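Just so we're on the same page: letters track the sequence lines, and every chain starts at 1. Heavy-atom basis, side chains included; hydrogens, waters and symmetry copies ignored. None of the values given here were measured: they were computed from a predicted structure.
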Amino acid sequence: MSSDPKTHLADLLRSALNVVAPDASSTEILIERPKQASHGDFASNLAMQLARSLKANPREIAQKLLAALPASSLVTKTEIAGAGFINFTLSAAARTGVISDVLALGRDFGRSTGGNGNKVVLEFVSANPTGPLHVGHGRQAALGDALAALFDWQGYEVTREFYYNDAGVQIQNLALSVQARLQGLKPGDAGWPEAAYNGEYIQDIATDFLAGKSVQPADGASVTASGDIADLDAIRQFAVAYLRNEQDIDLQKFDVKFDVFYLESSLYSEGKVDDTVRRLIDSGKTFESEGALWLRTSEYGDDKDRVMRKSDGSYTYFVPDVAYHVAKWQRGFKRAINIQGSDHHSTVTRVRAGLQAVGMGIPQGYPEYVLHNMVKVMRGGEEVKISKRAGSYVTVRDLIEWVGRDAVRFFLVSRRPDSEFVFDIDLALSKSEDNPVYYVQYAHARICSVLRQWGGSLESLAEADLSLLTSPHELALCAQLRDFSVAIEDAASDYAPHGIAFYLKELAAGFHGWYNAERLLVDDVALKQSRLALAMAVRQTLANGLTLLGVSAPESM
RNA sequence: GCGCUCGUAGCUCAGUGGAUAGAGUAUUGGCCUCCGAAGCCAAGGGUCGCUGGUUCGAUUCCAGCCGGGCGCGCCA
């Protein structure tokens, strides 16, 4: 018998189904938590699903299923309701058992092994080193890191990857921008390059370059500025290292760590681009026209064919993109998940088309994409567009300085990725009831405070008599704790970390409600122990959920 | 124009082929001689954009329309 009530109920229904309708024994059995407490702890719509194939009234089918249902000590009541729902009420022991699980598993409560150690790579941020990280990158960092954590907790072997272009046209523009600053030019001056970056940070780079400073980005060797204004190559190398280092500092402040920094230039230097082009040509899916080499992406769902190699001999961006994903496949990642802004959605079809055309047996849906919408930052009722540093957009650094890392991370993962995001600075700053970060953290700190005042040993709580927990608040809290692993599973499979944020808000609400309704530190020692055990389990679950989102769980605040 | 996407309470947003569509905020009214009031309880607030279709059942799936966002380059 499974210790998890939900799978246990599914087992019971399955065996009843085999008796009542052997022909339909493959019907999927769905067990859900009803929204209303009066509908029991779990409900199944199995009878309604069977209604058509059995050509019978759902309520009659439900009757037969219940008659054939094996007895179970975990179930105290079954009921047919509504159009044919079967509602189950669990025994008190089955409900409170989760507390023992949480206390025993501790920081691992919520982890599962469903991923079987399969390798998955999540690529996110992937900002080219041409400027500071902006709010959109922040959303990606928060989303990607949380998703990576969710997959880790689901038992996958996760790689967090940052891909960037260190040698293309944009980098050349960066070098030219710095050089122009070194020559004393400013944006708008005669002679200021057309495609130049206009932000103030370009001046900072120029100043450090002249001063002969050194920088050491996380993924590369230390670079010392030559100070030679004429040496564009030296300027480029220094500027790239400088900005990579700046991005590293921001990511560190954001508490996001990458396992791999992948350079686009390596795809060329290691022959991966040439290899991919050769495979595409060999596939017969290419053709020459107007001096360029094209790929028939329209055969794979694209609305028109795309140029691979321009008439000047250089490749369009999507060729290295395809080569990069071929490399991911070859590195053994059966799953690759890319978190990108929705303004890149047109690349999805193209990259997948290229991967089909290379004929290496890569699945059609490879890689998977999580596209997110843009972020609008509001302050004082107005949209904030200007950053002193970047010149035209709000940076991750700005946000962290304004409201702190926890609030930024929690806010940025608390919406569906494809929603347009309004980040209200005033709301994130408010240290009161309208700030969901503090609401969740407060519940955690409050529990810590109670446990401190009690002063007993936390280990002893595992011995508590859980049968003393009988109030609706307490049993509802237990059900919420049991939902944690489902919340993680759903959030991972739907690419929806915001589910965890909502789960945490609800769990905190459940705790606050209980706390106000009942006293934890009562005189009755056994009752006190049992309540503290529940509180401890809530604390642990809050902490685990906050960890998934990269938010701290303070013991006091 | 074409493609993708979104449209749910005054505002910011969840959610679902199923039972009375939820939360926060805002508004109104209560709760600290007691574990943290950064908290709790309660009330009011809805044509789930519109119109059709599929279904026993649609806010959810499909089509069309209206409205917002994004994309539509031999840029990335």
Q | side-chain N/O A:Tyr439 vs B:rC40 OP1/OP2, d < 4.0 Å | A |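 It does, given that an N or O in the side chain of A:Tyr439 lies less than 4.0 Å from OP1 or OP2 of B:rC40.
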May I have the distance from [X] (atom [atom1]) to [N] (atom [atom2]), rounded to whole angstrom?
X        : N      : atom1 : atom2 : result
A:Lys505 : B:rA23 : NZ    : P     : 13 Å
A:Phe502 : B:rC13 : CZ    : P     : 10 Å
A:Tyr515 : B:rC34 : OH    : P     : 11 Å
A:Phe511 : B:rG39 : CZ    : P     : 13 Å
A:Asp424 : B:rC13 : CG    : C1'   : 13 Å
A:Tyr503 : B:rG22 : OH    : C1'   : 18 Å
A:Phe411 : B:rA14 : CZ    : P     : 13 Å
A:Tyr438 : B:rU25 : OH    : C1'   : 18 Å

Q: For A:Ala508 and for A:Arg446, locate the closest nucleotide of RNA chain B by heavy-atom distance; then report the residue assigned to the nucleotide nearer the 5' terminus.
A: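 The residue closer to the strand's 5' end, by nearest nucleotide, is A:Arg446.
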Q: Identify, between A:Ser556 and A:His512, the residue whose nearest nucleotide on RNA chain B lies closer to the 5' end.
A: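 Between the two, 5'-proximity favours A:Ser556.
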In whole Å, what separates the [atom1] atom of [N] from that of [M]?
N      : M      : atom1 : answer
B:rG17 : B:rC74 : P     : 41 Å
B:rA58 : B:rA19 : C1'   : 15 Å
B:rC48 : B:rU27 : P     : 27 Å
B:rG46 : B:rA37 : P     : 34 Å
B:rG39 : B:rG24 : C1'   : 15 Å
B:rU16 : B:rU59 : C1'   : 8 Å
B:rC31 : B:rG36 : C1'   : 16 Å

Is there a donor in the side chain of [X] and an acceptor in the side chain of [Y], or the other way round, less than 3.5 Å apart?
X        : Y        : value
A:Gln170 : A:Asn165 : no
A:Asn373 : A:Ser342 : yes
A:Asn128 : A:Thr130 : no
A:Asn338 : A:Tyr163 : no

Q.
Does this structure show an ion pair linking A:Glu161 with A:Lys328, if we count only N-O contacts that are shorter than 4.0 Å?
A.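 Not counted as a salt bridge, because no side-chain N and carboxylate O are separated by less than 4.0 Å.
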Q.
Here's one to test your reading of the geometry: is the NZ or CZ of A:Arg415 within 45 degrees of the ring axis of A:Phe423 and under 6.0 Å from its centre?
A.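 Here A:Arg415 fails the 6.0 Å and 45° test against A:Phe423.
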(Q) Is the positively charged end of A:Arg139 above the ring of A:Phe421, judged by distance under 6.0 angstrom from the centroid and angle within 45° of the axis? (A)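 Checked: cation-pi criterion not met.
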Q. Can you tell me if A:Asp305 uses its side chain to pair, donor with acceptor, with the backbone of A:Ser298 under 3.5 Å?
A.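 Checked: pair present.
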Q) With distance as the sole test, does A:Ser177 use its side chain to make a donor-acceptor pair with the main-chain N or O of A:Tyr197 at under 3.5 Å? A)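 Side chain of A:Ser177 to backbone of A:Tyr197: a pair is present.
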(Q) Closest approach to the side chain of A:Asn516, judged atom by atom: which nucleotide of B:rA14, B:rC40, B:rG36 is it? (A)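 Nearest to the side chain of A:Asn516 among the choices is B:rC40.
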Q: Can you tell me which residue pairs pass the salt bridge (charged side-chain N to carboxylate O under 4.0 Å, His left out) test with a partner in residues 510-529 of chain A, sequence neighbours excluded?
A: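 Matches after skipping sequence neighbours: A:Glu518-A:Arg531.
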Q) Can you pull the salt bridge (charged side-chain N to carboxylate O under 4.0 Å, His left out) pairs that have at least one residue in residues 444-455 of chain A, sequence neighbours excluded? A)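 Matches after skipping sequence neighbours: none remain.
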**Q.** ring pair (Phe, Tyr, Trp, His ring centres under 6.0 Å), paired with A:Phe124, selected from A:Phe258, A:Tyr369, A:Phe162
**A.**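 That would be A:Phe258.
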Q.
Taking any heavy-atom pair under 4.0 Å as a contact, classify A:Ala445: base, sugar-phosphate, or nothing.
A.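 The answer is base, as A:Ala445 lies within the cut-off (heavy atoms under 4.0 Å) of a base atom.
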For a quick test of your reading: what N or O donor-acceptor pairs under 3.5 Å do the side chains of residues 485-501 of chain A make, sequence neighbours left out?
from, atom 1, to, atom 2, distance (Å)
A:Ser493, OG, A:Glu489, O, 3.1
A:Ser493, OG, A:Asp490, O, 3.3
A:Tyr495, OH, A:Glu368, OE1, 2.1

Sequence neighbours excluded, which residues qualify as side chain to side chain contact (heavy atoms under 4.5 Å, CB included) partners of [X]?
X        : result
A:Gln453 : A:Ser449, A:Leu521
A:Thr470 : none
A:Gln49  : A:Thr27, A:Asn45, A:Leu46
A:Tyr317 : A:Asp321, A:Thr347, A:Arg350

Every protein N/O within reach of nucleotides 59-63 of chain B N/O, cut-off under 3.5 Å:
none

Pairs: protein N or O with nucleotides 15-21 of chain B N or O, under 3.5 Å:
from, atom 1, to, atom 2, distance (Å)
B:rG15, OP1, A:His498, NE2, 2.8
B:rA19, N6, A:Asn87, OD1, 3.4
B:rA19, N1, A:Asn87, OD1, 3.4
B:rA19, N1, A:Asn87, ND2, 3.3
B:rU20, O4, A:Gln36, NE2, 3.2

Q: Could you list by number each residue of residues 519-542 of chain A showing a heavy-atom separation from RNA chain B of less than 4.0 Å, or answer none if no residue does?
A: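 Residues of residues 519-542 of chain A under 4.0 Å from RNA chain B: A:Arg519, A:Leu520, A:Leu521.
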Find every protein N or O atom lying less than 3.5 Å from an N or O atom of nucleotides 67-75 of chain B, and list the pairs.
from, atom 1, to, atom 2, distance (Å)
B:rG68, N2, A:Glu420, OE2, 3.1
B:rC74, O2, A:Ser311, N, 2.8
B:rC74, O2, A:Ser311, OG, 3.0
B:rC74, N3, A:Ser311, OG, 3.4
B:rC74, N4, A:Glu290, O, 2.8
B:rC75, OP2, A:Lys310, NZ, 2.8

Q) To the nearest 0.5 Å, how far apart are CD in A:Glu270 and CG in A:Leu263? A)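 If I round to the nearest 0.5 Å, the distance is 9.5 Å.
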Q. Can you tell me which stems RNA chain B forms when a stem means 3 or more consecutive Watson-Crick or G-U pairs under 3.5 Å?
A.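 For RNA chain B the paired stretches long enough to count as stems (3 pairs minimum) are B:1-7 with B:66-72, B:10-13 with B:22-25, B:27-31 with B:39-43, B:49-53 with B:61-65.
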